[in-house]
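In what follows, chains carry the letters A, B, and so on, assigned in the order in which the sequence lines appear, proteins first and then strands, with residues in each chain numbered from 1.
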2 protein chains.
Amino acid sequence: MSQNRFTPETTRLDDAARAGWLYYVAGNTQDEIARKMGVSRQTAQRLVAMALAERLVKVRLDHPIGRCMDLAAALRDRFGLITCEVAPSDPEAPDLLTGIAIAAAAELERVLKSPERRIVSLGTGRNLRATVEQLPRMACPQHVVVSRLGNMMQDGSATPYNATIRLAERIGAPHFPYPLPVLARDAQELAAMQQQQAARNTIRLCAEADLSLVGIGQMDMTAPLHVDGFLSTAEMEELARAGAVGEITSWVYDAQGRIIDCAFNHRVASAPLPRAGDRPVIAVASGQAKLPAIRAALNGRLINGLVTSEATAERLLA
Amino acid sequence: MSQNRFTPETTRLDDAARAGWLYYVAGNTQDEIARKMGVSRQTAQRLVAMALAERLVKVRLDHPIGRCMDLAAALRDRFGLITCEVAPSDPEAPDLLTGIAIAAAAELERVLKSPERRIVSLGTGRNLRATVEQLPRMACPQHVVVSRLGNMMQDGSATPYNATIRLAERIGAPHFPYPLPVLARDAQELAAMQQQQAARNTIRLCAEADLSLVGIGQMDMTAPLHVDGFLSTAEMEELARAGAVGEITSWVYDAQGRIIDCAFNHRVASAPLPRAGDRPVIAVASGQAKLPAIRAALNGRLINGLVTSEATAERLLA
DNA sequence: CCTTCCGATGGGCATATACTCATCCGCCGG
DNA sequence: CCGGCGGATGAGTATATGCCCATCGGAAGG
């Protein structure tokens with residue numbers, strides 16, 4: 001078909017549209033298209049590619065998951081994330097944990113399937129606990145599970161939501177609880193604690209973790225740190241004045257995602273936050289209340305992966 | 001990823017949606033999808049196929065031609081056509097000939113490109129004439145062009161719009177003009193005419209035609225048969241009373257596409273209409289005025305191919 | 001009229017995709 | 001507890017697709 005009988009541009013685009021239609025809508029093979037349009041197969045291929053390049057074909061996914069993946073892609077783009085999963089929100093309960101727990105579990109499971117030894121470090125929190133609950137039982141003795149922070153309060157009692165032990169049990173992997181409490185009394189005590197062999201070993205493992213899953217805590221009266229009794233109301237208010245908007249494994253940061261240089265952070269005994277480089281540091285967090293904390297963590301590149309809900313993702317991008 | 005932890009149907013469909021999204025929207029290869037989703041390549045392929053089968057992915061073509069091809073596909077479906085082309089209508093002049101002439105010429109060209117001998121039979125009319133004008137010059141001595149009806153009026157003068165000669169000249173093929181006039185005086189004269197060797201030979205060629213291109217005539221005061229003087233106003237009115245809505249190569253038919261058993265048809269000297277079986281009998285017709293005639297021809301399976309305008313296609317499907 | 005250049009073309013090949021088949025796993029009835 | 005059944009899986013393979021490159025032909029400029 002001689003394109004030059006008419007305006008070549010138009011006709012060529014028309015042909016591209018035809019080819020695109022035949023390929024994507026009618027499901028023809030490029031060979032059939034070539035025959036039907038009277039051109040060579042290669043030309044048909046070029047036309048189909050052109051239809052794609054010229055954005056003539058628009059693909060839409062008619063499934064809740066489609067919107068989620070759009071949001072996830074947007075978040076990845078915007079915040080330079082290695083990985084991002086957005087779970088469909090149930091309109092009835094937009095911030096239900098189950099969805100994101102399943103999504104996060106899928107991420108985790110992917111890593112655990114590796115036959116190579118992997119070090120997985122975990123924070124704490126309801127989200128992570130729920131995530132681990134969603135994992136199927138697997139036999140993964142080759143991996144190592146390590147906690148990034150203590151589960152002891154200063155009085156020696158345990159915090160709830162311990163994900164590390166649960167995960168280790170579930171997959172039959174050796175695990176390293178964090179051998180220090182969440183907080184030291186002061187910087188001096190902290191320094192002493194960190195000299196312990198077990199602490200140094202565990203902190204090193206955390207630094208080498210192939211995958212880190214953490215929660216994100218908000219900084220209001222519903223803050224996990226406050227609810228669990230690590231932060232008095234007075235301390236909370238002081239931190240808020242210093243600009244605190246969120247915390248990850250107890251490290252408190254401001255709206256730009258910078259760890260605040262304050263008395264509280266000098267007492268935090270948790271493993272240092274991994275520099276979110278090439279190894280995934282994935283936050284599992286959602287909910288209106290955590291929004292500023294999540295946004296700050298993303299802005300400050302404290303994390304390079306996020307698993308969240310559709311509703312939260314939308315608000316993050318707004 | 002064990003689907004059986006949750007409702008298997010849902011999860012599988014979700015996975016299909018993810019896979020579809022990754023494939024069609026994100027442009028991943030199935031191998032990448034397999035890695036990202038932690039499944040085998042084959043499973044990824046199945047998921048993509050499922051997303052397609054379950055109609056999760058909707059492809060839309062953002063180009064005027066897209067609408068045309070949708071209409072063409074709908075017409076093919078609805079009327080069991082072998083081939084159907086819908087040319088974009090210029091909103092300024094919805095029934096302009098050029099568009100459909102180009103489209104029809106493309107159809108014709110496709111057949112002419114064959115190195116095998118093809119018999120192409122033609123009707124008459126502005127549409128066919130315009131179609132032939134759109135053909136590029138080609139050297140096709142292997143083909144044969146034959147006319148399905150005469151171009152002589154009863155007084156021996158020629159009708160306009162002779163497409164056969166023009167086509168034969170353009171492609172350098174041997175051609176067979178129709179050796180009889182359009183109409184005989186009566187059935188008896190007709191029978192005598194058809195005994196002629198030339199007539200029998202030409203009619204046989206028409207019956208064997210590999211491609212037949214015909215126009216469709218309406219049955220009102222603008223009817224080609226009337227304008228060209230073959231049908232008096234009185235005869236027209238009588239045929240209309242008998243239910244005539246259109247004609248193809250002078251054979252007059254009713255709204256169901258049945259050739260009417262009437263005096264006029266008993267005088268028609270044109271080659272019998274080919275039974276629209278597997279060999280293409282393509283009508284080139286468009287325009288509000290021809291709508292009932294086209295619809296009837298489609299309903300009666302007098303044709304198995306149609307080239308028309310976007311506007312006409314829409315009305316045919318309405 | 002000839003030369004040069006650019007885009008289009010089709011052959012050939014590496015890769016990706018679709019399909020078939022044997023097998024496996026979990027479920028169910030005996 | 002066992003055997004049969006149906007869907008899911010992975011290996012293998014035929015087919016389709018994407019890409020590189022040599023070549024061609026028409027347009028612009030000398």
Nearest heavy-atom pair of [X] and [Y]: which atoms, and what distance?
{"X": "A/His143", "Y": "A/Val111", "answer": "NE2-O, 4.0 Å"}
{"X": "B/Ile100", "Y": "B/Val284", "answer": "CD1-CG1, 3.9 Å"}
{"X": "A/Ala173", "Y": "A/Val145", "answer": "CB-CG2, 4.2 Å"}
{"X": "B/Val146", "Y": "B/Thr164", "answer": "C-CG2, 4.1 Å"}
{"X": "A/Ala17", "Y": "B/Leu61", "answer": "O-CD2, 2.9 Å"}
{"X": "B/Thr43", "Y": "B/Ser40", "answer": "OG1-OG, 2.9 Å"}

Spacing between B/Glu32 atom CD and D/dG18 atom P, to the nearest angstrom =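 The answer, rounded to whole Å, is 14 Å.
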Can you sort out which residues in residues 21-31 of chain A have a heavy atom within less than 4.0 Å of DNA chain D? Ascending by number, please.
->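 Going residue by residue through residues 21-31 of chain A, the ones with a heavy atom under 4.0 Å of DNA chain D turn out to be A/Tyr23, A/Thr29, A/Gln30, A/Asp31.
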Proximity to DNA chain D (any heavy atom under 4.0 Å), residues of residues 50-61 of chain B only | none
Tell me every residue that passes side-chain hydrogen bond (donor to acceptor under 3.5 Å, both in side chains) with [X], counting only those two or more places apart in sequence or in another chain.
{"X": "A/Glu32", "result": "none"}
{"X": "A/Gln142", "result": "none"}
{"X": "A/Gln30", "result": "none"}
{"X": "B/Ser121", "result": "B/Arg148, B/Ser212"}

Would you mind checking if A/Glu208 and A/Arg279 are paired as a salt bridge, meaning a charged N to carboxylate O distance below 4.0 Å?
->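 Here A/Arg279 does not pair with A/Glu208 in a salt bridge, since their nearest N and O are not under 4.0 Å apart.
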Quick one: salt bridge (Lys or Arg N to Asp or Glu O under 4.0 Å) pairs with a partner in residues 74-84 of chain B, sequence neighbours left out?
->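 Sorted result for residues 74-84 of chain B: empty, none.
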Return each pair, listed once, that meets salt bridge (Lys or Arg N to Asp or Glu O under 4.0 Å) where at least one residue sits in residues 47-56 of chain B; pairs must be two or more places apart or across chains.
-> none
Note, B/Met69 side chain near B/His63 side chain (heavy atom, < 4.5 Å) = no
Look for any protein N or O under 3.5 Å of an N or O in nucleotides 11-15 of chain C and output each such pair with its distance, or none.
{"residue": "C/dG11", "atom": "N7", "partner": "A/Gln42", "partner atom": "NE2", "Å": "2.4"}

Any B/Gln45 side-chain N or O less than 4.0 Å from OP1/OP2 of C/dT17 =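 The answer is no; no side-chain N or O of B/Gln45 sits under 4.0 Å from OP1 or OP2.
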Write out a two-atom table: protein N or O, nucleotide N or O from nucleotides 23-25 of chain D, distance below 3.5 Å.
none

Bend across the helix from C/dC1-D/dG30 to C/dG30-D/dC1, to 10°, with axes taken over 5 pairs at each end?
-> 30°
Sorted by chain and residue number, the side chain to side chain contact (heavy atoms under 4.5 Å, CB included) partners of A/Ala313 (sequence neighbours excluded) come out as A/Leu71, A/Leu75, A/Val86, A/Thr308
